[in-house]
Structure formats: C-alpha cells, structure tokens
Amino acid sequence: MSAVPSQTLSPAVLAELKQIYVRIDERDILKNIDFTLHKGEIVTLIGPNGAGKSTLIKVLLGIVKPSAGEILTQPKLKFSYVPQKFNPSHSLPLRVCDLLALEKCDASIKAEIIRDTGIGKLQQSKVQQLSGGERQRVLLARALLRQPHILVLDEPMQGLDIQSEAELYDYVRSLPKKYGCAILMVSHDLQWVMQGTHRVVCLNKHICCSGLPENVQQHPEYQAIFGTNRVFYQHHHDHCAHGDSATPCQHDSRPHIHPEPEA
Ligand SMILES: Nc1ncnc2c1ncn2[C@@H]1O[C@H](COP(=O)(O)OP(=O)(O)OP(=O)(O)O)[C@@H](O)[C@H]1O
C-alpha cells in the first residue's frame with residue numbers, strides 16, 4: 001500500500017491516512033489510524049515509548065509499508081524528514097557545506113536558513129564530528145533547504161541545551177508562515193505541545209484522542225498516559241544567551257537559533 005496522489009483530497013489537505021494498520025512479526029504496531037494533515041498546520045504526535053509515533057511518521061513518508069489502509073497525498077508533495085537518529089558513516093567524510101549542497105535552493109533563502117539556524121560557522125566542519133545540538137541544527141537547515149510542503153521532525157530537541165531548545169521552538173513555530181510548510185513533529189515535551197502546536201494527536205498504537213492541546217489534556221486516555229497534574233510551561237525570553245552573557249539581543253527580532261558558544 002503506497003502513497004497515491006489523489007485528486008479527491010480537498011485543496012486544504014496535504015495528506016491523509018485512512019484506516020492504517022501496521023503489523024510486524026504478528027504484533028500490532030499501529031491500529032486503525034485515521035490522520036489528516038492540513039496546509040500550514042503544526043501537529044504534534046505524543047504518546048508513550050513504543051506507541052508507534054516514529055512508525056506512523058514512516059508510514060506517511062512511505063518508508064514503512066502498512067499492512068492495510070490507504071495513504072492519500074496531494075500530487076508532487078514534497079517531504080523533509082529530520083529523523084530521530086542520524087549516524088553518518090565515519091568512512092564517508094562529509095562537511096556541512098557538502099551536506100547542504102545536496103539540496104538545490106535559491107541562494108538568498110539558503111543564506112537566510114543558514115543564518116537563522118545558527119550554523120554559519122559550521123560550514124567546513126565534518127558532519128561526523130558535530131555535537132548533538134549542532135547536528136540537529138544542520139539537519140533542520142538541510143530539511144528546510146528542500147523547501148518541503150511537509151516538514152517532519154522526530155524529536156528534534158535531542159542534544160539541545162535549554163536556551164537552544166527554546167529558540168528552536170520559536171523558530172519552528174515561525175516556519176509555516178515563513179516558508180508555507182506544515183509541520184508534523186514527534187515530541188515528548190508537553191510544554192511544547194501546549195505552547196507551540198495547533199493540534200495534538202495522542203497515540204498509543206491507536207489514536208487515543210486528538211484536537212486542540214487544551215482539549216486533549218482533558219481526555220481520559222490522555223490523562224491515563226500523562227497524568228492529570230501537569231503544569232504547562234510558559235516560555236518567555238527577551239534575551240539571548242551568547243556564552244555566559246545573557247545580554248539583550250540587538251541583532252535580530254525574528255525567531256532564530258544562536259550558534260553554540262565557542263570554546
Ligand atoms: N522494523 C521493526 N521491526 C520490529 N518491530 C518494530 C520495527 N519498527 C518498530 N517496531 C516496534 O514497534 C513499536 C513502536 O515503535 P516506534 O519506534 O514507532 O515507537 P515510538 O512511539 O516512536 O517510540 P519512542 O517514543 O520510544 O521513540 C516498538 O515496540 C518497536 O519495537
């Protein structure tokens with residue numbers, strides 16, 4: 001069952017999964033999944049470990065073949081995917097600039113993306129030698145250079161320090177307006193879910209509940225998984241951390257991520 005371009009989708013819908021089942025080695029990984037992604041939406045998939053979040057993403061991307069169900073997409077739909085794990089081979093030396101050159105993109109947009117993701121100084125670095133946080137920024141930049149209709153992020157905050165994480169959240173939230181893409185993210189960070197997301201889908205092999213973040217957290221299946229006494233974080237930052245100095249940021253009011261402090 002592969003993704004088939006469909007003329008039957010409404011123009012506002014980018015992709016739709018209908019009654020998807022994934023069964024591996026006689027185990028149900030996903031059951032009866034109905035899921036729709038609209039233009040410009042930010043949707044976060046939440047759920048416990050092993051709930052099938054990455055598998056659902058891979059079904060949408062066409063990497064995992066469902067045992068049953070249907071995948072409908074707009075014609076010529078372009079995805080970008082930042083996977084949970086990215087371990088480039090040490091036997092294949094690759095600089096950041098080489099990785100980014102794999103995506104053809106208008107030079108001014110490329111310069112903007114490199115600046116906003118804070119990776120300007122990493123261009124000559126070897127991809128294999130990047131820190132976890134640097135790698136996440138580079139992978140996000142590369143994903144954006146594709147200028148996708150759907151940007152898929154599987155736990156993109158891994159390896160980021162708290163300041164970079166907050167900046168990345170702000171940046172990601174700005175992307176639908178800036179580049180016209182929809183965002184599908186897997187996250188365990190319920191603070192992000194409540195603050196940054198238009199819609200939440202709570203998965204535990206099946207879709208337990210979905211909707212506006214404030215509604216989902218009232219749902220009994222959500223509460224059974226995550227509990228009832230979560231205090232959601234309110235993120236406010238009016239300064240940027242460059243190294244140890246939290247001085248007001250003078251250089252840019254748009255969401256952007258700062259480079260990691262130099263040693
Ligand atoms: N190729 C595979 N072969 C066998 N089992 C698999 C395969 N891919 C996934 N699974 C199993 O499917 C289940 C769901 O995995 P998945 O990675 O989708 O969960 P997840 O919700 O993303 O988990 P986590 O939050 O821990 O990253 C797990 O039990 C996993 O072991």
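In each ligand, atom 1 is the first atom listed, and ligand 1 is the first ligand listed. All values below were derived from every heavy atom in this structure, side-chain atoms included, with hydrogens, water molecules and symmetry-related copies excluded. As the structure is a computational prediction, the values presented were derived from the model and not from experiment.
Only the side chain of I24 comes within contact range of ligand 1, with a heavy atom under 4.0 Å; no backbone atom does.
Across the listed options T55, V64, N204, I57, T55 owns the non-hydrogen atom lying nearest to atom 15 (O) of ligand 1. Checking G50, G52, A51 against atom 23 (O) of ligand 1, the nearest heavy atom belongs to G50. Closest heavy-atom approach to atom 30 (C) of ligand 1 among the candidates H188, K58, R27: R27. Evaluated by nearest non-hydrogen atom to atom 17 (O) of ligand 1, the leading choice among S187, P48, S54 is S54. For atom 10 (N) of ligand 1, the nearest non-hydrogen atom from the set L45, I29, D28 comes from I29.
Scanning the protein heavy atoms around atom 25 (O) of ligand 1, the nearest turns out to be K53 NZ, 2.7 Å. In terms of protein heavy-atom proximity, atom 26 (O) of ligand 1 is nearest to N49 ND2, 3.0 Å. In terms of protein heavy-atom proximity, atom 27 (O) of ligand 1 is closest to Q84 NE2, 3.3 Å.
Around CD1 of I162, the count of heavy atoms belonging to other residues, nucleotides or ligands within 6.0 Å does not exceed 12.
Between D28 and R23 there is a salt bridge, since at least one side-chain N of the basic residue sits less than 4.0 Å from a carboxylate O of the acidic one.
Every side-chain contact (heavy atoms from CB on, under 4.5 Å) that K39 has, sequence neighbours left out, goes to L14.
Sorted by first and then second residue, the side-chain hydrogen bond (donor to acceptor under 3.5 Å, both in side chains) pairs involving residues 178-188 (not counting sequence neighbours) are E112-Y179, D116-K178, E155-H188.
Residues H38 and V13 come closest through the heavy atom pair CD2-CG2, 3.7 Å.
Interatomic distance, L203 CG to K31 NZ, rounded to the nearest 0.5 Å: 11.0 Å.
Cluster annotation: I150 and V64 are assigned to the same hydrophobic cluster (Ile/Leu/Val/Met/Phe/Trp/Tyr, side-chain heavy-atom contacts under 4.5 Å, transitive).
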